[in-house]
Amino acid sequence: MTDSKYEPAKIEAKWQALWDKERTFKVEETKKDKIYVLDMFPYPSAQGLHVGHVEGYTATDIYCRYLRMKGIAVLHPMGWDAFGLPAENYAIKTGTHPQKLTWQNIDNYRRQLKSLGFSYDWSREINTADPAYYKWTQWLFLQLYEKGLAYQKTAPVNWCSSCQTVLANEQVINGECERCHNQVEQRQMKQWFFKITEYADELLKDLDKLDWPANIVEMQKNWIGKSTGAEVEFKIKKQKLKIKIFTTRLDTIFGATYLVLAPEHKLIQQLRNKINNWPEVEKYIKESQKRTELERKAEIKEKTGVRLKGLVAINPANQEEMPIFIADYVLTSYGTGAIMAVPAHDERDFEFAKKFGLPIKYVVTPAKVSVSQSKTGVHWLSNQGVFEEDGVLYGCEEFNGLSSSDARHKIAKKLGAKLTTKYRLRDWLISRQRYWGAPIPIIYCETCGIIPVPVKDLPVLLPEDVDFKPTGESPLVKSQSFHQVKCPKCGLPAHRENDTMDTFVDSSWYFLRYCDPQNNQEAFNPKKVASWCPVNFYVGGAEHAVMHLLYARFFTKVLADLGYIKFREPFLKLRNQGLILGEDGQKMSKSRGNVINPDEIVEQYGADTLRLYEMFMGPLEDSKPWNTSSIIGVRRFLEKVWRLATDLITEQQTNNKAEEANLAYWSAYTTKKVTTDIESFNFNTAISILMEFSNVILTTAGAEKVKAIKNLLILLYPFAPHLTSELWEKLGERGYIWQQVWPAWQEESLIKENVKIIVQVNGKVRDTIDCSLGMDQAAVERIAKQSIKVAKFLTGKILKVIYVKDRLINFVVE
RNA sequence: GCCGGGGUGGCGAAAUUGGUACACGCACUAGCUUCAGGAGCUAGCGGGGGCAACCCCAUGGAGGUUCGAAUCCUCUCCCCGGCACCA
């Protein structure tokens, strides 16, 4: 007899209110065992929470609720990455102040997160757009500035004309703005940078210490892009100047047949009088700036370039003369902006040489000569390049017969070339010509120059009297109250820096602020941070692989060097939730109309069902399509648990020894499986075993049933906290369910007296037989041979018998 | 092109890590129950053959190792994600 109906809306509101009122999840800092479990905090968009957020947040919530029942103090906070362009763009359109919209969105996000029953310690909520927070973001800027890690320079930067601001390299994807997909232009601008390149080597090395997904580690490695090689100076004939090139293939220097400079290379302007075809060269330089952009669009990769007529370089290896070109396939910003071209052994040089009819000289045979090549001799000499990195040298004077790697060292020594390391990583451009961000705390004084805002004057508040219309200059320029100040040093009129900081600066240290969120004396108390950090477990989307995750690592290393913290990596273990695709298998997007709104699912099925469904869909890290009709399955399961527990209250108890033993086994087995699955984040299989367990309970009678149901409720609690809290109370148990200790299991309960042994003949399953545990081979063999199903196939001579104890016996017959 | 991750029923997915392939759930089919149901219960549900017991085939494809392969090795095809003239 069911004494009531499962009504999620009612019970979920009830328990959420209680958790709020009793501050159930406020972390006890005094406990000895501490774990910091962190979610990537959301940007509070107008669209509200995405089902993808729900997935990651449910995973950590399950883990945290489980840990607390094990008696561990869990820091599990939430906050808002509240600065950013969308709010400002909305302000431009509607005239609403970005703060108003942002604060509204935050209220909505908070409501949604609470409606899902996530167990955050809300007393630690932070907001990066709150002056109480960004004061310390500005303070951190000043720390970097004093350490020489924040600097200003004029450089070609990525400009998005639609967003009307510059972008960091990390925010440019295939030449497009990551936000609006507008083509990015190159502009010369004076901007603020953080010297992340200073940490390139450590950022690369320490990746090996992290328990992170392989693809994220790989992406960061590629992004940092370390390559070891050598710098070699090439003399220019009859000139005093030398050209310094960088190469990773010094072993091929005897095959170098020309040099190439990037069009922006400084030497070109210095040598302009010596270049016979200057007008042509100048034209190419001008065109190349436009061309890179246009060509990317059209994906034309044909090599272009111009020879610097009148200039000849000398190959230091063999003293041969070689022409010099400029070409835009060589980048100014990498290496020395100049290369030696070895068409025989570099694909790009090969293409260029073919187009311009330049000599191709082979000096390395590949170590592994493929079958077709050995059959046809050395046909690659005539029309193909040899691009393998290792081989044996020939035609290289005293270096003949050496392997590539030996040759690199020996040639470097002879030429006096400097062995160096280069990185692809560039310094982090943090200036943004926008309003809705933390102002850069710098004042420009005509007499004193660049003056950092004194710490006592922080925060530099965002002014209210602003016009948001983007003009290419920061909107802050228009605010007289903001712009004009007195120089803190000499007191004469001066003006503020008008740009704001990239919002990734805000999120590079937020995990530290959670440890001490209300501190108004310092960014954080080092002792408090030391008691929680580094973050033990971090969960979020993979889209932050080379942005947030790299920047936060950089900040951590800087703060360690400044002595504020004692660890050098912020996030020890990282997992990415996979994308949840729309029902059509496509990425969810407004324009496709396949977006699922979590509010609607909660309303229709309840928060516990949504949580459970998202965990049941498949492995956390896989991307998987949404399927609304499947939700009913987990809802049915919860209904079943409801009936199981509420029927129990009125049910007559009977006794049945065999069923009781079976139930005890299942109870122990489920406990073990759910525990190990939560530990390893395999929530989908944890749920399926809970389903099986409830089915077993349903079909069992006996006194053990009460115990089994209570165990089921506790194991299910982290996944479906509202339902289980309610049922625990209905059963008249003492205390709340979350105050229970996570169950242990006895390994002996998992031992069965009888086992089923698979009988195979020649590896094919023919029967299964019941045996008692630990039986020896002879006994099992005897029983197996008695099986008619098996005997049928044992007509030939038995050559061999393979026996795996308690599991399998295999007869090999002829 | 390079790097990373994958291909298992109609669908989402399991598989004790080399030992009964398809657990759990959705969808579907049949029956029961109900005034009714987008509810519940029972049974079936990879393909082929057979009345049946049972037999054969099957984890993208082709080989190989092994008593035994979704799992290990070689080659190959396809999908997803990232990077893309970085010398």
Side-chain angles (χ1 to χ4, degrees), chain A residues 2 173-175 213-223 225-227 229 245-250 252 260 262 292 295-296 299 301-303 327-331 333-342 345-349 351-352 387 422-426 542-543 545-546 576 578-579 581 585 612-613 616-619 621-634 636-637 639-640 643 673 682 684-693 695 698 756-768 788-789 792 799-804 807-813:
Chain A
T2 303
I173 319 266
N174 291 329
N215 60 322
I216 302 286
V217 171
E218 214 42 45
M219 279 181 188
Q220 290 213 353
K221 280 187 182 169
N222 290 341
W223 192 260
K226 181 179 180 170
S227 45
I245 63 101
F246 174 72
T247 179
T248 55
R249 294 295 308 274
L250 191 56
T252 63
V260 189
T292 44
E295 276 190 350
R296 266 188 196 150
E299 282 186 74
K301 293 246 166 111
E302 185 153 355
K303 298 277 180 289
D328 63 8
Y329 80 93
V330 173
L331 310 173
S333 49
Y334 186 76
T336 59
I339 62 152
M340 65 174 198
V342 186
H345 304 297
D346 181 279
E347 239 174 314
R348 297 151 300 189
D349 299 342
E351 258 179 67
F352 190 86
F387 306 131
K422 300 284 179 196
Y423 298 91
R424 294 179 52 185
L425 186 71
R426 308 292 147 76
E543 67 273 17
V546 287
N576 298 124
L579 273 187
L581 306 169
L612 213 59
Y613 170 66
F616 189 59
M617 286 173 84
E621 308 208 43
D622 288 7
S623 71
K624 43 217 172 263
W626 182 271
N627 184 349
T628 299
S629 68
S630 287
I631 298 175
I632 195 68
V634 288
R636 280 180 194 148
F637 165 60
E639 302 259 13
K640 190 181 282 180
R643 262 183 285 122
K673 178 79 176 143
N682 295 122
N684 54 331
T685 50
I687 293 165
S688 64
I689 199 74
L690 286 165
M691 286 172 168
E692 284 192 79
F693 184 36
N695 286 337
L698 194 72
K756 288 202 186 305
I757 291 182
I758 298 147
V759 185
Q760 297 183 334
V761 179
N762 286 345
K764 288 198 176 184
V765 180
R766 296 301 175 189
D767 202 3
T768 57
I788 302 160
K789 291 178 190 173
K792 246 165 73 180
L799 302 171
K800 204 169 162 191
V801 182
I802 284 115
Y803 179 57
V804 182
R807 188 160 297 182
L808 165 143
I809 187 157
N810 184 13
F811 297 97
V812 185
V813 298

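In what follows, chains carry the letters A, B, and so on, assigned in the order in which the sequence lines appear, proteins first and then strands, with residues in each chain numbered from 1. The figures that follow rest on heavy atoms only: side chains count, while hydrogens, waters and symmetry mates do not. Predicted model only: the values in this text are computed from it and were never measured.
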- request: Please give the nucleotide sitting opposite B:rG25 as a Watson-Crick or G-U wobble pair, both distances under 3.5 Å, or none.
  value: B:rC11
query: In whole Å, what is the span from the NZ atom of A:Lys640 to the P atom of B:rC24?
result: 10 Å
field: Closest to the A:Arg643 side chain, choosing from B:rG25, B:rA23, B:rG40
entry: B:rG40
message: Using OP1 and OP2 only, check whether a side-chain N or O of A:Arg766 sits under 4.0 Å from B:rC54.
response: no
task: Sugar-phosphate atoms are those with a prime plus P, OP1 and OP2; base atoms are the rest. Using that split, label each nucleotide of nucleotides 2-18 of chain B B, S or - for protein heavy atoms under 4.0 Å, 5' to 3'.
output: -SS-------BSS-B--
Whole-Å distance separating the NZ atom of A:Lys764 from the P atom of B:rA21: 11 Å
message: Of the listed nucleotides (B:rA27, B:rC85, B:rC54), which one gets closest to any side-chain atom of A:Lys303?
response: B:rC85
- prompt: Roughly how far apart, to the nearest Å, are B:rA84 and B:rG61 at atom C1'?
  reply: 30 Å
statement: Closest of B:rA84, B:rG19, B:rC26 to the A:Trp223 side chain is B:rA84
- prompt: Heavy-atom distance under 4.5 Å between the side chains of A:Asn695 and A:Lys640, does that happen here?
  reply: yes
query: Side chain of A:Lys792: nearest nucleotide among B:rA27, B:rG82, B:rC55?
result: B:rC55
message: Could you tell me how far apart A:Phe637 (CZ) and B:rC24 (C1') are, to the nearest whole angstrom?
response: 10 Å
query: Is B:rG4 paired to anything, Watson-Crick or G-U wobble with both distances less than 3.5 Å, and if yes, which nucleotide?
result: B:rC80
query: Do A:Tyr613 side-chain atoms and A:Thr628 backbone N/O form a donor-acceptor pair below 3.5 Å?
result: no
query: To the nearest angstrom, how far is A:Ile339 atom CD1 from B:rA87 atom P?
result: 11 Å
field: Heavy-atom closest pair, residues A:Trp223 and A:Val546
entry: CB-CG1, 3.6 Å
Minimal non-hydrogen separation, A:Leu799 against A:Val813, with atom names: CD1-C, 4.1 Å
Output one line per pair: protein atom, nucleotide atom from nucleotides 45-50 of chain B, and distance, for all N/O pairs under 3.5 Å.
none

field: Test: A:Lys303 cationic atom under 6.0 Å from A:Tyr329 six-membered ring centre, within 45° of axis
entry: yes
query: So, A:Lys800 side chain and A:Asn810 main chain: donor-acceptor pair closer than 3.5 Å or not?
result: no
query: Taking the side chain of A:Asn810 as heavy atoms from C-beta outward, which of B:rU20, B:rA87, B:rG19 is closest to it?
result: B:rG19
field: Phosphate OP1/OP2 of B:rA87: any A:Tyr329 side-chain N/O under 4.0 Å
entry: no
query: Is the closest side-chain heavy-atom distance between A:Phe616 and A:Ser630 below 4.5 Å?
result: no
message: Please confirm whether the shortest side-chain N or O distance from A:Lys422 to OP1 or OP2 of B:rA87 is below 4.0 Å.
response: no
message: Within the structure provided, determine whether A:Val812 and A:Asn762 are in side-chain contact (heavy-atom separation under 4.5 Å).
response: yes
task: Report yes if some heavy atom in the side chain of A:Tyr334 is under 4.5 Å from a heavy atom in the side chain of A:Ile339; otherwise report no.
output: no
message: Does a side-chain N or O of A:Arg424 approach OP1 or OP2 of B:rA84 to a distance below 4.0 Å, or not?
response: yes
- request: Could you give the distance separating B:rG37 and B:rU29 at their P atoms, to the nearest angstrom?
  value: 15 Å
Interatomic distance, A:Glu543 CD vs B:rG82 P [rounded to whole Å]: 10 Å
- prompt: To the nearest angstrom, how far is A:Leu808 atom CG from B:rU20 atom C1'?
  reply: 9 Å
- request: Of all the heavy-atom pairs spanning A:Asp349 and A:Met340, show the shortest one and how long it is.
  value: OD2-O, 3.9 Å
query: Given that both distances must come in under 3.5 Å, which nucleotide forms a Watson-Crick or G-U wobble pair with B:rC72?
result: B:rG64
query: For B:rU20, what is the paired nucleotide under Watson-Crick or G-U wobble rules, both distances under 3.5 Å?
result: none
message: Closest approach to the side chain of A:Thr248, judged atom by atom: which nucleotide of B:rA87, B:rG19, B:rG25 is it?
response: B:rA87
query: Rounded to the nearest Å, what distance is computed from the CG atom of residue A:Asp346 to the P atom of nucleotide B:rG1?
result: 18 Å
statement: Smallest heavy-atom separation, A:Ile809 atom then A:Ile757 atom, equals N-CG2, 4.0 Å
message: Tell me if B:rG4 is syn or anti. Syn = glycosidic torsion within 90° of 0, anti otherwise.
response: anti
- prompt: Applying a 3.5 Å limit to both distances, which nucleotide forms a Watson-Crick or G-U wobble pair with B:rA87?
  reply: none
Interatomic distance, A:Glu347 CD vs B:rA87 P [rounded to whole Å]: 13 Å
field: Residue-phosphate contact under 4.0 Å: A:Asn576 side-chain N/O, B:rG81 OP1/OP2
entry: no
field: Side chain proximity check, A:Glu543 to A:Asn576, heavy atoms < 4.5 angstrom
entry: no
statement: Under a 3.5 Å limit on both distances, the Watson-Crick or wobble mate of B:rU42 is B:rA30
message: I want to check one thing: is the phosphate of B:rG40, taken as OP1 and OP2, less than 4.0 Å away from some side-chain N or O of A:Arg636?
response: yes
